[in-house]
Amino acid sequence: MLSIDTISAEELDAYVGRQDAVIIDLRDAEEYERSHVKTAVNIPYEEIQRCRRFPKDKLLVLYCSRGSSSLFAARELMKMGYTVKSVVGGIRCYRGSNLYFSNVHSKIKK
């Protein structure tokens, strides 16, 4: 069985902007548009096969809402030969300074 390397949500900031890493948001497009970690690309969990476009020398850092989908995706990507880290607890646990919110999120509803 493959051992999945995990990081805490607090450690996620260390990967933002790194040239050797790709942060992947596994939530659906609507959730991603509302908020996501800066520099993260959106590849919904159901479309995980799209990750094959990334070079295998890149570290893939995965997060989802709560952490379970990223663990399953990490296992699949590791089988494909990728180096992967999964964020424990997902974006719900993230309290860093690199969170992007869309304008739609900040509008007051009448």
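Numbers here simply count residues along the sequence, with the first being 1. The figures here come from the full heavy-atom set of this structure, side chains too, leaving out hydrogens, waters and symmetry mates.
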Separation between [atom1] of [X] and [atom2] of [Y], rounded to the nearest 0.5 Å:
X   : Y   : atom1 : atom2 : answer
L12 : R95 : CG    : CZ    : 12.5 Å
K85 : L62 : NZ    : CG    : 11.5 Å
R66 : C93 : CZ    : SG    : 9.5 Å
D20 : Y15 : CG    : OH    : 9.0 Å
I23 : N42 : CD1   : CG    : 13.5 Å
E46 : S69 : CD    : OG    : 7.5 Å

Is a side-chain donor or acceptor of [X] paired with a backbone partner of [Y] at a separation under 3.5 angstrom?
X   : Y   : result
K56 : M80 : yes
K79 : A74 : no
D5  : V84 : no
E11 : S8  : yes
Y82 : F54 : yes
E31 : D28 : yes

Honestly curious: do [X] and [Y] fall in one hydrophobic cluster under the side-chain, below-4.5 Å linking rule?
X    : Y   : value
L71  : V22 : yes
F101 : Y94 : yes
V88  : V37 : no
Y45  : Y32 : no

Which heavy atom in [X] sits nearest to a heavy atom in [Y], and how many Å separate them?
X   : Y   : value
G67 : S86 : O-OG, 4.2 Å
C51 : I24 : SG-CD1, 3.7 Å
V87 : A9  : CG1-CA, 3.7 Å
H36 : D25 : CB-OD2, 3.6 Å
A73 : I48 : CB-CD1, 3.8 Å

Notebook entry, point to check: If you count the non-hydrogen atoms of other residues, nucleotides and ligands that lie under 6.0 Å from CZ in R18, is the total more than 12?
Noted result: yes

Non-hydrogen side-chain atoms of [X] and [Y] separated by less than 4.5 Å:
X   : Y   : value
I91 : R27 : yes
L26 : Y63 : no
P44 : R50 : yes

